[in-house]
Amino acid sequence: MNQDAHQNSDINQLAKKYFEGIATEEEIAALHRWYEEADETDAAIVEATPAQFEDMGASMLQHLKMKLEAGRMEAPIRRAGFNWKYIAAAMVTLVIGAGGLWLYNRNEQPKTEQQPIATVADHPPGGDGAILTLSNNQQFNLDELKDGVVMKEKGVEIVKNGNEVSYVIAPQATGVVGFNTISTARGQKFRITLPDGSVASLDAASSLQFPASFEGNERKVFVTGQVYLDVAQNSKKPFVVSANGFQVNVLGTKFNINAYPDDPIKYVTLLQGSVQMTDDKGTVARKLVPGNQGRLGAGGELSVVPQADLEVVMAWHEGAFQFRDTEIRQVLTQLSRWYQVDVEIRLKDEARYFTGRISRSSSLNAVLEILRLSDINFKLEGNKLIVLP
């Protein structure tokens, strides 16, 4: 039996097991991958008429919908001109293979021949890690330290416990001065409990500068990148966050700041409590209530979105990438920060938008394979990810 005949026999057996309801998830995934490349002329391989062949695609799509609903994931949004068997294959590949959900590419373009990603060393996902820099410039690589007391000075203990570092202030501590900085590189995340009990989670390529002890009548910190803050309540000592081009005044609340220096728009999204967002000059202020998102535009203008997409905003904190009509360049920016790769885009000027959810524990190659199913080609050369036209 030649190779094609052997493969056709395997597909035939997979199809029979599928319709008998005894196929494993891996076998279903293999059948979906074959179906995505097949056409009506291949119907005979699974002993089906052309009409039955189309019904087979509908059945597989229904199977996916049931699986997605069971996992409390979103179902795909149908757009005119889309090939449902193509979408179904993309969905099952992710559901079974990469621990997340890739929904659709809303650009209605004909599918082109896919080029395989160069078989170079894969890029693993990011993980826990950070550098702690004290006011005297002494540095600690936190992911290399054992759990326990990192440093003790003037009544302040810095304690590491897994992926978190905490500042513990003794009641008798006095004269504690100077700012410390915790910073993550690309591909790192970390959590810190500040001297007042507030908790900050840092995403990749982010930093938080804070005093070793909050003295005076306010608690002021400085943020770059993306940081989620759960602020300890203290009405007598407001919490103030200074970021790239704006300031946030807080009493006690939970909110997310996205203020990467190279992003044109900066965001503050409020989950709980109340904050006030002001520009650097202090001339314009916007009060936010839960669900609001304050935005600082490239020209310095402040605006408020009444109801932010909290699922998208908080996905990183929950260990996922979440896209909702997200332009390809923004998608790649997130991948660049998490997988420590530089991106070169050779696409034409047309915009491409995506919706979906992918686990941040997936390897880069796994994510790229998912994106390729939406008719995007890549070439990975060392630490450079090239997006091909």
Side-chain angles (χ1 to χ4, degrees), residues 132 134-135 154-156 158 164-183 190-203 206-261 266-296 300-306 308 310 313-314 317:
L132 178 65
L134 305 184
S135 57
K154 295 182 178 180
V156 178
I158 305 174
E164 180 176 359
V165 66
S166 302
Y167 276 64
V168 181
I169 309 295
Q172 69 275 15
T174 58
V176 182
V177 296
F179 274 80
N180 296 349
T181 302
I182 185 169
S183 57
F190 215 76
R191 202 165 107 126
I192 181 169
T193 299
L194 298 175
D196 67 332
S198 297
V199 178
S201 298
L202 283 75
D203 197 3
S206 303
S207 71
L208 174 67
Q209 187 180 37
F210 57 94
S213 177
F214 288 110
E215 306 290 340
N217 56 8
E218 70 176 11
R219 298 168 287 166
K220 189 166 188 176
V221 301
F222 299 84
V223 163
T224 64
Q226 182 157 232
V227 178
Y228 172 72
L229 285 153
D230 186 347
V231 177
Q233 199 161 21
N234 185 345
S235 58
K236 296 181 180 179
K237 188 177 289 190
F239 195 95
V240 180
V241 182
S242 180
N244 285 304
F246 64 90
Q247 185 169 288
V248 180
N249 295 278
V250 187
L251 293 178
T253 187
K254 297 179 181 180
F255 62 103
N256 190 77
I257 289 184
N258 188 320
Y260 285 102
K266 316 307 191 262
Y267 304 90
V268 175
T269 308
L270 183 63
L271 281 79
Q272 180 180 306
S274 176
V275 302
Q276 180 170 278
M277 183 178 180
T278 62
D279 62 6
D280 261 354
K281 298 177 182 178
T283 56
V284 181
R286 297 286 185 270
K287 186 176 181 180
L288 305 183
V289 299
N292 284 179
Q293 183 177 80
R295 298 183 178 183
L296 179 72
E301 66 281 2
L302 278 178
S303 62
V304 176
V305 174
L310 299 182
V313 172
M314 296 306 299
H317 193 250

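Quick note: residue numbers are just sequence positions, from 1.
Closest of all the heavy-atom pairs between G273 and P290 is O-CD, 3.2 Å. Between A259 and K266, the shortest heavy-atom distance links the atoms CA-CD, 3.8 Å. Residues S183 and S207 approach most closely at CB-CB, 3.9 Å, considering heavy atoms. Among all heavy-atom pairs drawn from L194 and L208, the shortest one is CD2-CD2, 3.9 Å. Here the shortest heavy-atom pairing between D279 and L302 reads N-CD1, 3.6 Å. A pairwise comparison of heavy atoms in K237 and G216 identifies CE-O, 3.0 Å as the closest pair.
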(request) Begin from the C-alpha positions of F255 and V241 and carry the test side-chain contact (heavy atoms from CB on, under 4.5 Å) through to its verdict. (result) CA-CA 11 Å; F255 62 103; V241 182; 3.9 Å; yes
(request) Would you sort out whether F246 and T278 count as a side-chain contact (heavy atoms from CB on, under 4.5 Å), showing the intermediate values? (result) CA-CA 6 Å; F246 64 90; T278 62; over 6 Å; no
(message) One pair to check against side-chain contact (heavy atoms from CB on, under 4.5 Å): F179 and S135. What are the steps and the verdict?
(response) CA-CA 5 Å; F179 274 80; S135 57; 5.7 Å; no
(request) Check the pair F210 / Y167 against ring-ring contact (aromatic ring centres under 6.0 Å, His included), numbers first and verdict last. (result) CA-CA 11 Å; F210 57 94; Y167 276 64; 5.1 Å; yes
(request) Let me see the working for K236 and N217 under side-chain contact (heavy atoms from CB on, under 4.5 Å), right down to the final yes or no. (result) CA-CA 7 Å; K236 296 181 180 179; N217 56 8; over 6 Å; no
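Annotation: side chain of N249 is not in contact with side chain of M277 (no heavy-atom distance under 4.5 Å). Side-chain contact between Q209 and N180 is absent, with no heavy atoms from C-beta onward closer than 4.5 Å. Side-chain contact between V165 and I182 is present, with heavy atoms from C-beta onward closer than 4.5 Å. Contact annotation: the side chain of V305 approaches that of R295 to within less than 4.5 Å [non-hydrogen atoms, C-beta and beyond]. Considering only heavy atoms from C-beta on, L132 stays 4.5 Å or farther from T181 through its side chain. Side-chain atoms of D196 and F239, non-hydrogen and from C-beta on, do get closer than 4.5 Å to each other. Using a 4.5 Å heavy-atom cutoff, the side chains of V221 and F214 are in contact. Counting only heavy atoms from C-beta outward, the side chains of V199 and Y228 never approach each other to under 4.5 Å.
N258 places no side-chain N or O within donor-acceptor distance of the main-chain N or O of Y267, the cut-off being under 3.5 Å. The main-chain N or O of P238 is never found under 3.5 Å from a side-chain atom of N234 such that the two would form a donor-acceptor pair. With hydrogens and angles disregarded, no donor-acceptor distance shorter than 3.5 Å links the side chain of T224 to the backbone of S206. Although no hydrogens or angles enter the test, the distance criterion places no donor-acceptor pair under 3.5 Å between the side chain of R219 and the main chain of P195.
Just one residue in the list T269, D230, L229 forms a side chain to side chain contact (heavy atoms under 4.5 Å, CB included) with K254, and that residue is D230.
Remark: H317 NE2 to S201 OG distance equals 3.5 Å, nearest 0.5 Å. In this structure, CG in D203 is found 13.0 Å from CD1 in I257, a value given to the nearest 0.5 Å.
In summary, the side chains of Q226 and N256 do present a donor paired with an acceptor at a separation below 3.5 Å, with no hydrogens or angles considered.
In Q233, the CD atom is not crowded: 12 or fewer heavy atoms of neighbouring residues, nucleotides or ligands sit closer than 6.0 Å.
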